[in-house]
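This structure is a prediction, so every number in the text was calculated from the model and none was measured.
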Amino acid sequence: MKVKTIAGEVYVVSSAGGCTVTATTDDGQEITLCTVPAGGQKAFAAIGGDVEVSDPGAVVQHLEAANVPLGMEGACSASQVIDMVQTALYDFTEASLSTEVGTANLTAHLVTLAPVRVPTGRLKSLAMQCRSNSPQYLAGPIYLALYERSADGAGWEKAGVSTAAVQQVVGTSSTWSFRDVWLHGRELRIQPISSADDSFVESGSVTLGLIGVASSDGSKCDTLAYIPQLTFNYDRQMDRYVPMSYGKDAIDFIIANKDALQALING
């Protein structure tokens, strides 16, 4: 369908089935202004007097350009909004947090890390040293699901899942990458899973091969008082401006209400 627009103005398009928004330049060239996923929403800046929207049921609304926060055009997910707010308030520096070198060969269904072992920041990757023997105990390629203790300490919240499955190899270190995963220095559970959308099972059948380090801080590999030999690589946030309590409160509120924010964005 064709929608009338004003060049230079910003519009928001919402589509249940997904669509593309295109426009034609004065010399007849077609330009894609945005692509909206099914059930999603995107913003675009008009370049002429009309646009073509591939979904006839899409809703296109005019939005005053002055009311669109800098960098927000095209935002269509809660994680994108969180990243934009984080970037506006903070600078980030690369950091790492590692355990001691271990010697014990372990096989674990679940790893629980004490708060002292968990960084605060945006997680980039997690590397763990695989056991030095018994390759028959290793699973196939596995994802890592992370569950963080809730801020009130009453339960667990899913922090995220690795971007890809990784095959462990005896005697080597394996690295799992993460995206849009924030850790807050709270107790953390690491669960190996075979599919990215597998639910949490404390005694699941998928296992990790690990080199363990004896620990007395509450960290465990299953029920054993060991922590895996591991390294967190993460972005540590630093205040871009003079710290104010309401800035942190705003970020905490957005993260705590991410699902509601996503529903609002999706209309």
(message) Taking atom CG as the centre, does Asp197 end up with more than 12 heavy-atom neighbours from other residues, nucleotides or ligands that are less than 6.0 angstrom away?
(response) yes
(message) Tell me whether the count of non-hydrogen atoms from other residues, nucleotides or ligands lying under 6.0 Å of OH in Tyr147 goes above 12.
(response) yes
Identify every side-chain donor-acceptor pair in residues 101-112 under 3.5 Å, counting partners at least two apart or on other chains, and give the distances.
{"from": "Asn105", "atom 1": "OD1", "to": "Ser132", "atom 2": "N", "distance (Å)": "2.7"}
{"from": "Asn105", "atom 1": "OD1", "to": "Ser132", "atom 2": "OG", "distance (Å)": "3.1"}
{"from": "Asn105", "atom 1": "ND2", "to": "Ser132", "atom 2": "OG", "distance (Å)": "3.1"}
{"from": "Thr107", "atom 1": "OG1", "to": "Arg131", "atom 2": "NH1", "distance (Å)": "2.8"}
{"from": "His109", "atom 1": "ND1", "to": "Asp222", "atom 2": "OD2", "distance (Å)": "3.2"}

(message) Test salt bridge (charged side-chain N to carboxylate O under 4.0 Å, His left out) on Glu187 and Lys220; report intermediate values, then the result.
(response) CA-CA 11 Å; Glu187 189 177 11; Lys220 294 180 180 180; over 6 Å; no
Linked, directly or transitively: [X] and [Y] (ILVMFWY side chains, under 4.5 Å):
X	Y	value
Val59	Met1	no
Trp182	Phe232	no
Val118	Tyr234	yes
Leu97	Leu123	yes

(request) Please name the pair of heavy atoms, one in Pro228 and one in Leu113, separated by the smallest distance, quoted to 0.1 Å. (result) CD-CD2, 4.2 Å
(request) Please report the closest heavy-atom contact between Arg186 and Arg149, naming both atoms and the distance. (result) NE-O, 2.6 Å
(message) Which residues pass the side-chain contact (heavy atoms from CB on, under 4.5 Å) test with Ile193, not counting sequence neighbours?
(response) Tyr143, Ala145, Val161, Gln191, Asp198
Report all side-chain donor-acceptor pairs from residues 169-176 shorter than 3.5 Å, counting only partners two or more places apart or in another chain.
{"from": "Thr172", "atom 1": "OG1", "to": "Val169", "atom 2": "O", "distance (Å)": "2.8"}
{"from": "Trp176", "atom 1": "NE1", "to": "Ile142", "atom 2": "O", "distance (Å)": "2.9"}

(message) Is it the case that the side chains of Ser14 and Gln41 hold a donor-acceptor pair, with the cut-off being a distance below 3.5 Å and no angle test?
(response) yes
